[in-house]
Asks: 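First the structure, which I've put down as C-alpha cells, then a few questions once you've had a look.
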Amino acid sequence: MRINVVGLKKYFGRTRAVDDISFAFASGQIFGFVGPNGAGKTTTMRILATLDEPTDGDAYVDGVSVVEDPEKARRLVGYVPDNLPTHRDMSVHDYLDFFARAYGLKGKHRTQVIERIEEFTNLTGIREKFLVALSKGMKQRVSVARALLHDPPVLVMDEPAAGLDPRARVELRELLKLLSWQGKAILISSHILTELAEICNGVVIIEHGKILRAGTMDKVLAGDVPRRTVHIRILERHEEVTKHLLQTPSVEKASLLVDNTVEVEVNGPETVCCELLVGLVQGGYRVVEFRQRRADLEEIFMNVTKGEVQ
Amino acid sequence: MKAGLLEKIDDALNPIVVKELRQGVQSRFVVAVLLLFLLLQLVFIGIFLVIWSIGGQLESTEFQAGREVFSVLQGILLATCMVFIPAYTGMRLGAERSDVHVDLFFITTLRPRAIIAGKFAAALMLAILIFSACMPFMAFTYFLRGIDLISIFFVIGFDFLVVTVTVMMAIFLAVIPANRILKALLGMIGLLIGLFTFGFALSGTVEFMMVGVASMLESRDFWYGCLTVVLWSIGVIGLMYTWSVGLLSPPSANRTLPMRLWMTLLWLASGLILTYFSIRLEHDILLGVWLFSVCILLSLCLLISCNERERWAPRVARTIPKRWWLRPFAFLFYSGAAGGIIWACLLLAFTWLAYPRLEQLIPATGRTRGPGGSDMLANIFQTMAIMFVYVYCYALTAIFLRNTIFRIQPVYTWVLWITLVALGSAIPFLLTFLLLQRGWNFAIHYTWLLTAPPAGMAVVSEWRMVTEHGTVFLFVLTWAGLVTLLNIPWFFKQIRAFRPFVPTKTQAREMLPDILAPTPMEATRTIP
C-alpha cells in the first residue's frame, strides 16, 4: 500500500491553495504534514479524502486515483477532520452505528465491528453518552473510531490534537502508534511539532501551497539549514581554542560554556563542520568530543517558513 | 427466519432515516411537542363537550358540532405539522449543512440523493406519528354529527399532502448554502409560505366539509381536480427534491443532471396528463395552468443555468458518453451553462410548437374568453413566453458583459443579471417620467419602456393593444438574436470542450521519487 501525491494543484480563483506538490508515503508509516495556517494542508487532505477535486495533478491510494475513481478511493481512506462530532440527541454508539450503516456494513458484522472499534478506541464505557456531553479528547476518539469503521488502510487526520489536554494528546499519540504498527498509513497535520517529531517517520513542510521540505524525519532534520550549532570539548587550552575558532571565517559565534565545552555557531553546509574538526586536529588541539546539535522540527519549521498568509 | 427478515429490512433502511428517527425519539423537543399536541386536542374536545353538555345541546336532534370541532382539530394538526416538522427538519439539516457533517456523509457510500430522501422520509414518518395521534380525535367528531367519515378521511389525506409539500420545501430552503443572516431570511420566507399554505389548506377543506365529499364522488370534475392537485404536488416535490440534491452535491458533481431530467419528465408528463384532462373536461383551464407553470419554471431554470460551470473537471468529464451521437443529448442535461440555456430554450420551443395543436383538441366552447372576446389561453402563453425571452436576453447580455468587461466568476452571473434587469426596468421609467411627466401615456409611449420586462409583458397581455404586440415581439426577438450572435463563440467553446476525460497522468505515479522506503509488513494486522 502506497500513497502517491503527484503534481497536485488546487486553485480558488487567483489563490493557489496547493501549487504543484508531490510526496509519497507507505503502510505502517506516520507522515506529518506541517505548515502555517492557510498553507494548503487542509485542502490537500480534503483532496486525498475525495472531498475536493484538484485543479490539476492527482493522488493515488494504492494505485487508485482520487480524481478518476473517487468512489473506490474513498473506501481506502479514513478521514478525521478538525471539526468534531456534535450531532444533537445522539449517543456515541448510535453515531458509530449510523456511519457503519453509511459505509455499507450489514447485520451482525456491523455490530461486531462497532464493538471491536469501541473497545480499541476505549469508548465502550461511554457508548451510551450523548456526543454533545463529551470532552474534546473523547470526541476526538469518537472521530478516530468513525474513521476506522470501514477498516481503511489510510488515515488522513487534520489537526487531531488541536485543543486537547496533555493527557488526551498522549492517548492520541499512543493510539496513532498502535494504528501505524497495525499497518495503517497515516497522514497527520498538526501545529504541535515536538509531538509530531516523536511519532512521525516522515514530514512534509508546506507554505503557500508549495513544499519547502519533504522526506524522512532524519533527512529533514539533518537537511540544509543556514546555521549549525556544534559543541566541542577539548582536554586543555580552552581559552585559546575559543579565540582560534573565532578567527575561522565560517564561525559566527564561539563561547565557552561552564563545563569547558565550546559552543560554536557556524554558517554553511555540513562540510564546514568537517573542515572545522580537521583544522582543530591539525592545530594540535586534543578533541575529546565534537558533536553537532541537531535542529528540532520546530527550529527547522521556523527557519524554512516565512509565516505569511496568502 | 423471522430475525433474518428483520435484519434484512434493517440493513435495507436508509441510514439517514435510522439516524433521524433515533435522534427524534431521543429529542426532548419532539417528545414535548407531541405531548403538547395531544394535550391541546384533549383540552379542546373536553372544553367543547363540557360547554355543550352544560347547555344541553348534546341531547338535541338538531345538534351538529362535528364540523366545527373537526375544523379546530384540523387547525391544530396543520399548525403542528406545518410549523414544527418543517422547522425541525430544516433546522437540523441547515445545521449539518453548515458544519463538516455533510462532508463526512459524502466520504461514506451515502449519496446526496439518499441524504435528501432520508431526511424527507424521516420527516414524513414524524408527520405520520402526529397524524396517527390526531386521527382518533378527528374520527370522533363523526359522532358529533355534521360531518361524514369520507370527508374526514379525505381532508386528513389532503392535509397530509400539504404537509408533504411543506416539508420538502423546508428541506430545499435548508440546503441553500447561506450565512446566518440569509438563513434567517430563508426561514422567514419559509414561514410565510407555510402560513399561506396553512390558510389555503384550511379554507380549501372548509368547502369540502360544507358540501360533503361523499356528494362529490360521482363528479368527474372532482376527480380530475384531485388528480391535478396530487400530480402538481408530486411535480413540486420532485422538483424541490432534485434541486436540493443539486445544491447538496459537491461542486465537482454533475449537479443539474437530476434536475433537468426531472424537469423534462415533468414537462412531458404534466403536458400530456393535463391536456388529456382538459379534453375530458372540455375546458382549457388545466392546459392554461400547464403553460403558465412551464414558462415560469423554464425561465427559472434558464436563470440558474447561466451561473453554471463552463468547463468540466475530470470527475464529471469521465462520465461524458464516448459515443458521439449520445454526446449532444448529454450536453443538454449535464451541468453546464451553455447546455442548460439551450435545453431551456428547446423545451420552450417545443411548448410553442405543441401549443396550437393542443388547443385544437379542446372544443371551441371550452376555451376561456377574456375581455373583448380574446383567447385567454393564447394571451397567457404569449405573456409568459415574452417573460422567458426577456430572461434569456438579460441572461445572455449578462454572460457577454461578464466575459468581456467585468471578468467575474460564472457563479455570480445572477448578480449581474439582477443589476441589468433593475437598470433596464428603472431607467426607462425614470427617463419617460422626467421627459414627459403629465403627458406620459403607456399606450402611446410604451416603446420607451421595452427594456422593462413588466412593461413588455403588460403590452402583450393587454387585448386592446393587439397591434402593438408585434413591436414588443420584434424588439425582444431582435435583442435575443443579437445577444445570441455575440455569444456564439462562448457556446461553441463549451460544445468543443464537452469531451470525455482521457487519463494522461496514470504513468506519473511511477515517476515519483521514493521519499520513504516502505516498511516491512510482517507484523501487520488489521482492525477490526
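Throughout, protein chains are lettered first and strands after them, A, B, ... in sequence-line order, and every chain is numbered starting at 1. Given the structure is predicted, the values throughout are model-derived calculations rather than measurements.
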Asks: Examine whether an atom of B:R311 lies under 4.5 Å from a heavy atom of chain A, and if so say whether it belongs to the side chain, the backbone or both; otherwise answer neither.
Replies: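 Contact with chain A involves no heavy atom of B:R311 at all.
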Asks: Which of the residues A:E119, A:R75, A:R74 is involved in the greatest number of heavy-atom pairs with chain B at under 4.5 angstrom?
Replies: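 Maximum pair count with chain B is reached by A:R74.
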Asks: Would you say that B:K19 contacts A:R101 through its side chain, given a criterion of any heavy-atom pair below 4.5 Å between the two side chains?
Replies: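 They are not in contact (no side-chain heavy atoms under 4.5 Å apart), so the answer is no.
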Asks: Quick check: are there more than 12 heavy atoms from other residues, nucleotides or ligands sitting under 6.0 Å from OH of B:Y412?
Replies: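 Check fails, neighbour count at 12 or below.
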Asks: Which residues in residues 9-16 of chain B have a heavy atom less than 4.5 Å from any heavy atom of chain A?
Replies: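 Only B:D10, B:D11, B:P15, B:I16 of residues 9-16 of chain B have a heavy atom under 4.5 Å from chain A.
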Asks: With a 4.5 Å cut-off on heavy-atom pairs, point out which of A:D97, A:V77, A:D69 contacts chain B the most.
Replies: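 Sorted descending by pairs with chain B, the first entry is A:D97.
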Asks: Measuring only between side-chain heavy atoms, which start at C-beta, is B:P314 closer than 4.5 Å to A:E53?
Replies: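 A side-chain contact exists here, since the closest heavy-atom pair is under 4.5 Å.
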Asks: Identify which of A:A73, A:A185, A:P70, A:G78 forms the greatest number of heavy-atom pairs closer than 4.5 Å to chain B.
Replies: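 Ranked by contacts with chain B, first place is A:P70.
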Asks: Of the listed residues (B:R318, B:R315, B:R92), which shares the most heavy-atom pairs with chain A below a 4.5 Å separation?
Replies: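 The answer is B:R315.
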Asks: Do A:R110 and B:E7 have side chains that get closer than 4.5 Å, going by heavy atoms?
Replies: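 When only atoms from C-beta onward are counted, B:E7 and A:R110 do not touch, as no gap falls below 4.5 Å.
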Asks: List the atom of B:T108, the atom of A:F99, and the distance in Å for their closest heavy-atom pair.
Replies: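 Result for this residue pair: CG2-CD2, 3.8 Å.
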Asks: Check the surroundings of atom CH2 in B:W490: do more than 12 heavy atoms from other residues, nucleotides or ligands lie under 6.0 Å from it?
Replies: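 Above 12, so yes.
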Asks: Taking atom NZ as the centre, does A:K72 end up with more than 12 heavy-atom neighbours from other residues, nucleotides or ligands that are less than 6.0 angstrom away?
Replies: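 Open.
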Asks: At their closest point, which heavy atom of A:G104 faces which heavy atom of B:T109, and how far apart are they?
Replies: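 So the minimum-distance heavy-atom pair works out to N-OG1, 4.0 Å.
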Asks: Can you measure from CE (A:M90) to CZ (B:R22) and round to the nearest 0.5 angstrom?
Replies: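 Between atom CE of A:M90 and atom CZ of B:R22 there are 7.5 Å.
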Asks: Only pairs at least two apart or in different chains count here, so list each salt bridge (charged side-chain N to carboxylate O under 4.0 Å, His left out) that has a residue in residues 119-128 of chain B.
Replies: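 Sorted pair list: B:E20-B:K119, B:E96-B:K119.
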